[in-house]
Structure formats: structure tokens, C-alpha cells
Amino acid sequence: MLIVYTQATQVKRESYASGGYQLFMEVKDIEEEKGKDLERAKWYTDIVQQAELADYAPVKGCMVIRPYGYALWENVQKALDQMIKDTGHQNAYFPLFIPESFMQKEKEHVEGFAPECAVVTHGGGKKLEEPLIVRPTSETIINHMFAKWVQSWRDLPLLINQWANVVRWEMRTRLFLRTTEFLWQEGHTAHASEDEAEEEAQKMLAVYKTLAEDWLALPVLTGEKTDNERFRGAVRTYCIEALMRDGKALQAGTSHFLGQNFAKAFDIKFQSAGGDLEYAWQTSWGVSTRLIGAIVLGHGDEKGLVLPPKIAPIQVVIVPIYKTDDEKAQVTKYCEQIVLALKDHARVHADMRDQYTPGWKFNHWEQKGVPIRLNIGPKDVANNVVEIVRRDNFEKMRGVKQTDLANEIPKLLLAVQKNIFERALKFRQESTVKINDYKAFKKTLDEKNGFIEASWCGSGDCEQTVKEDSKATIRLIPFGNDRTPMNDKCVHCGKPAKWQVVFARAY
RNA sequence: CGCCGAGUAGCGCAGUCUGGUUAGCGCGCCUGCUUUGGGAGCAGGAGGUCGUGGGUUCGAAUCCCAUCUCGGCGACCA
């Protein structure tokens with residue numbers, strides 16, 4: 001079973017859509033899948049635009065994050081920022097421009113990023129003496145500063161985070177998932193010992209997992225990246241991986257143990273308690289606006305977005321229903337009362353626009369993924385009740401007493417949050433298979449994608465061959481005992497297996 | 001950057017092959033009336049340098065060249 005976006009339905013509903021045609025998905029058999037990738041891909045870009053999350057900017061690969069999308073990002077930001085601060089980090093801001101020479105100090109790092117860097121060659125009408133790189137990530141400039149700030153073991157650990165935009169000149173872009181410029185946070189830390197830095201990298205990975213699961217309602221796998229997928233300049237890269245509803249994986253966040261690579265390149269040295277001069281041990285970690293894409297692809301359905309209540313810009317939308325002026329006056333007054341009663345318990349919005357019909361508003365707010373809707377008409381006013389509709393399962397609750405709302409709505413929001421997490425978890429469990437035969441491996445990918453747990457020899461070349469042949473990559477090597485191979489042979493080459501890993505086609 | 005598809009009103013498209021009055025259609029928008037518990041109806045109206053720049057021609061949305069952008073697939077990546 002797969003979710004597809006069908007052309008037929010699109011045409012049928014075309015005339016009703018506010019910004020073009022209506023989005024629609026249906027569950028269909030795998031056999032009917034051929035050639036549907038385009039529709040599924042289009043579903044994503046359409047929904048992002050129609051729900052007013054983002055729009056294309058006049059510059060190639062760039063997007064405008066619209067108010068509704070930005071409000072969503074702000075809520076993600078707020079939750080994560082608090083967790084970053086709670087784990088002892090401080091926010092700071094470093095410049096957008098980096099001297100070109102800085103990028104070249106760490107060998108692997110420059111090799112990894114040079115091709116995708118935007119370079120400023122002119123300023124003030126003159127050619128610059130040294131070109132400036134628009135940061136693709138800030139390791140170099142931050143570490144340049146760290147070298148000045150770190151002298152003694154007493155200066156450590158240095159725990160810094162910055163919220164910023166970065167630019168990577170990508171070949172192919174998609175709204176939120178991969179844009180030339182994107183917003184993110186990047187944490188950069190320096191520690192006196194290897195163990196402490198390792199612990200920090202793991203700690204922040206755990207924070208990301210909490211953010212994804214508790215706030216975005218997206219279950220994630222955690223683990224380590226293979227050499228091929230490692231951040232250029234890092235010793236080890238850890239990641240959280242989520243499964244989207246079309247069965248493709250999405251890397252939702254990374255945390256890197258940098259060892260002393262950058263410390264050596266940027267000369268970050270400190271004098272230890274024992275008097276020795278030592279290089280600092282470092283980490284860096286980041287999540288980006290790609291998370292918005294993860295929410296869309298992880299929860300969205302045939303009607304549009306489904307937002308996790310905890311981060312939804314609007315948690316409860318009120319749609320008034322009336323015919324006569326008299327009814328309108330009554331209903332309006334009643335809605336105002338309800339907004340007052342709820343405003344301390346939820347982010348509530350009453351859509352009092354006269355020019356749209358209730359039916360239009362139902363669809364509009366469903367498309368935007370608002371978790372709970374209250375339908376309020378004359379009958380409800382007369383009985384002092386409201387009708388509640390859940391976005392996640394369309395369950396309707398009629399005749400809910402107005403006096404119970406302040407109590408019930410927060411509970412209901414939690415229930416929606418829990419339900420969409422569990423739904424996503426169930427989907428992931430059903431989409432995860434253990435395979436030790438390469439033919440079955442490819443068959444599974446072609447039929448339904450999903451996560452494939454398999455044993456692997458540990459060779460980067462072998463991994464690369466699998467990628468070219470099947471379009472699947474190793475998303476991660478699990479932690480601990482989970483990485484112990486289940487079979488003695490590699491699923492692809494048959495050589496002795498080193499690890500149990502998770503394969504998937506990814507965004 | 002390679003291959004494919006597309007750029008015509010705010011959105012979705014027709015017209016292009018085969019050059020020829022005033023460039024159409026649906027939705028949206030504006031005005032009025034009527035409606036409102038799942039994307040309402042009728043009437044009237046506004047809105048276009050046909051992506052951009054060259055060229056061919058008496059005449060170009062249409063043909064030729066160049067270029068930009070968007071989408072898909074591939075190589076690269078959060």
C-alpha cells in the first residue's frame with residue numbers, strides 16, 4: 001500500500017481550489033505505482049505552497065518562508081532553543097562571510113565544501129583582495145575565534161550555538177528539503193577531553209531525538225553515519241533518521257564528533273591542569289528548516305498538512321456558522337466567549353471572515369493542518385455547546401459543553417499529538433524489514449521502499465555499488481548491540497559482515 | 001552540469017505543429033443581489049509588454065538562435 005497523488009482526482013477538484021487545483025491522495029496497490037513518482041513529488045511542492053508555508057523566490061533554488069511556515073519554524077526553534085540552553089549552551093552570532101583561506105585550513109573539510117560554496121569576489125565596486133566565502137557552515141570562522149578564546153583548561157568546555165542562515169550551492173533543490181539558502185542552528189563546542197566531547201555529541205543527538213519525537217511527533221532512528229556519508233572534517237557523524245509516508249528516509253539532524261581535526265587546523269590549544277599544551281576536542285551539530293519538510297512528508301495526508309499540536313501555529317480554529325444577521329450576532333458573540341475561555345490554554349484562532357462559507361473554511365484549515373476545529377452555529381449557541389473535529393482522524397464530537405472546553409481542549413491536543421506519533425511509529429515498524437538476500441533487498445525497495453536492516457561488510461566501495469545499483473544508501477549504523485551483524489555475510493557482496501546497518505532510499 | 005517536460009491574467013490551462021482581425025477558457029478577484037452545518041448561485045466588471053533578449057517576415061504567443069527560471073530523472077548534499 002502506498003500513498004499516491006492521482007491525476008484524475010486533481011482534475012475533478014480543480015475548480016474548487018483556492019490556489020489552483022486541490023491536492024488529493026489515495027491508497028492504491030503497488031501495481032498501479034509505475035510513473036506515480038512525479039505525482040507524489042508534486043504533492044509535496046503543491047502542498048507546501050497551498051498551505052502557505054513557502055513560495056519560490058526569484059533567485060534559483062531559494063525560497064521565501066511565508067508567515068505560516070515561519071511561525072511553524074519559530075515554534076520548532078523555541079522548543080529546541082530551550083533544550084540547547086538547558087544543556088548549558090549559549091547563543092552567539094558569527095559573520096556570514098568567511099575569508100577564503102579559512103576554508104582551506106582543514107583538508108577534508110575544504111574538499112567536501114568547496115564545490116558548493118558561494119564566493120564573493122567584489123565589494124564596494126572593487127575586486128576584493130581575498131575572496132569571501134558565504135558560510136556553508138561555520139566551523140572555520142567559529143574555530144578561528146575559539147583559538148583566541150581558549151587558553152586554559154579553565155576556558156573549557158566552550159559551548160556555543162548559533163541560529164543562522166547558510167548557503168550551499170546545490171545542483172537540485174526542493175522547498176525546505178534542500179534549498180540554496182536555509183536556516184538552521186549550529187552548535188560548536190570545545191572540550192578538554194575526548195570522552196567529554198564524545199559525550200557531548202551523543203547528548204545533542206539525544207536532544208534532537210527528543211525534539212523530533214516529542215515535539216514533531218516523528219519517530220527517529222539514531223546511529224552513526226558510514227564513512228561515505230560522514231560530515232567532511234568529522235571523525236564520526238551521528239544522525240537521526242525519520243521515515244516519510246512514501247517510504248523514503250530523511251536525515252533530520254546530525255551531530256559530529258570532530259576529534260582534534262579542527263583544533264589542529266585552527267590551533268585551538270589549552271594548557272591542561274597538569275601544565276601540558278593540548279589540542280581541544282570538539283563537536284558540532286545542527287538541524288535545519290528541513291525539519292519543516294519532514295513534518296509535511298511525515299504526517300501529511302490527502303487533505304493536506306497534519307501538524308503536531310505542540311508546534312502548530314494555530315492549534316484550534318473556530319469556524320462560525322450562521323444564516324441571518326441575528327444569528328451572526330449571536331454566534332459571533334458566542335465565539336468571542338470561547339476564544340476568551342481558550343486563549344490561555346491553546347493557540348486559538350477564530351475565522352470570522354464573512355466572505356467565505358463554512359464549508360470553504362473547513363477545507364482551508366484542514367489543508368493547513370490545524371489539529372482541532374470547532375464548528376459553532378446557532379444550534380450550538382442555543383445549547384451552550386460546540387462541535388469538535390479532529391484533524392488527525394476526522395473524528396467529530398458533537399454537543400461538547402462550552403464549560404468543559406478549557407479542560408478538554410488541552411487533553412485533546414495531547415491526544416492528537418500522541419496519535420500522530422503512534423501512527424508514524426506504526427508505519428515505520430511496518431515499513432522496516434530484515435533482509436539478507438540482495439534480490440529481496442531490491443524487490444522491497446521497488447515495491448515499497450522503507451527501512452531495510454541488513455548485514456554489511458563495511459566497505460565503502462560496496463556501499464557505493466549498492467547505491468548506484470539500487471539508489472539506496474546506508475542511512476546509519478545502529479548503536480551498541482544493534483550493530484552486531486545478524487548474518488555472517490554482507491547482503492550485497494557476500495564478504496564477511498562487519499555490521500548490521502539500515503538501508504533506505506533517502507531524500 | 002547531462003537528459004526530458006514546462007514557462008500565455010493572481011492560479012490552472014487552451015491556442016504554437018500549419019505565422020494573419022480585438023489572444024481565449026475555468027477558478028480566483030471587484031460590484032450588486034441571493035446564500036452560509038463540508039469547497040454556494042445569478043448578473044455585470046477589472047485584469048495580458050504571451051519568461052527575457054536577439055533574429056526571420058509585410059506581419060510572430062506561433063518559425064530560428066541565445067538566455068533565464070520552474071518541475072522530473074541522473075551525478076552532489078542537511
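Quantities reported herein were computed from a predicted structural model and do not represent experimental measurements. Computation of the quantities below employed the complete heavy-atom set of this structure, encompassing side-chain atoms and omitting hydrogens, waters and symmetry-equivalent molecules. Below, chains carry the letters A, B, ... as their sequence lines are ordered, and counting in each starts from 1.
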NA contact type, [X], heavy-atom cut-off 4.0 Å: base, sugar-phosphate, or nothing?
X: A:Thr179; result: base
X: A:Glu327; result: nothing
X: A:Pro378; result: base
X: A:Tyr56; result: sugar-phosphate
X: A:Arg174; result: sugar-phosphate
X: A:Gly293; result: nothing
X: A:Asp380; result: base
X: A:Lys379; result: base

Expressed as a whole number of angstroms, how long is the span from [X]:[atom1] to [N]:[atom2]?
X: A:Gln355; N: B:G41; atom1: CD; atom2: P; answer: 17 Å
X: A:Phe362; N: B:U36; atom1: CZ; atom2: P; answer: 13 Å
X: A:Asn363; N: B:G38; atom1: CG; atom2: P; answer: 10 Å
X: A:Lys467; N: B:C76; atom1: NZ; atom2: P; answer: 5 Å
X: A:Leu177; N: B:C77; atom1: CG; atom2: C1'; answer: 12 Å
X: A:Glu463; N: B:C76; atom1: CD; atom2: P; answer: 12 Å
X: A:Tyr356; N: B:C27; atom1: OH; atom2: P; answer: 16 Å
X: A:Arg178; N: B:C73; atom1: CZ; atom2: P; answer: 11 Å

Next on the checklist: Against the six-membered ring of A:Phe97, is A:Arg135 placed for a cation-pi contact (under 6.0 Å from the centre, within 45° of the normal)?
Outcome noted: no
Checklist entry - With a distance cut-off below 6.0 Å to the six-membered ring centre and an angular limit of 45° from the axis, does A:Lys467 pair with A:Phe503 as a cation-pi contact? => result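 Ring-cation test returns no.
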Item to check | Short side-chain to backbone donor-acceptor contact, A:Glu108 and A:Gly233, under 3.5 Å | outcome: yes
Checklist outcome for this item: Answer for the Watson-Crick or wobble partner of B:C76, both distances under 3.5 Å, is none
Item to check | P-based separation of B:C77 from B:A61 [nearest Å] | outcome: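 Here B:A61 and B:C77 have their P atoms 46 Å from each other.
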Item to check | Nearest-angstrom distance, C1' atom, B:A9 to B:G26 | outcome: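 Rounded to whole Å, the distance is 13 Å.
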Return no unless some side-chain N or O of [X] is found under 4.0 Å from OP1 or OP2 of [N].
X: A:Thr254; N: B:A78; answer: no
X: A:Arg172; N: B:C73; answer: yes
X: A:Lys471; N: B:G74; answer: yes

Checklist entry - So does A:Asn375 reach the base of B:G37 with its side chain, donor to acceptor, closer than 3.5 Å? => result no
Checklist outcome for this item: Winner on side-chain proximity to A:Arg168, out of B:A78, B:G37, B:G38, is B:A78
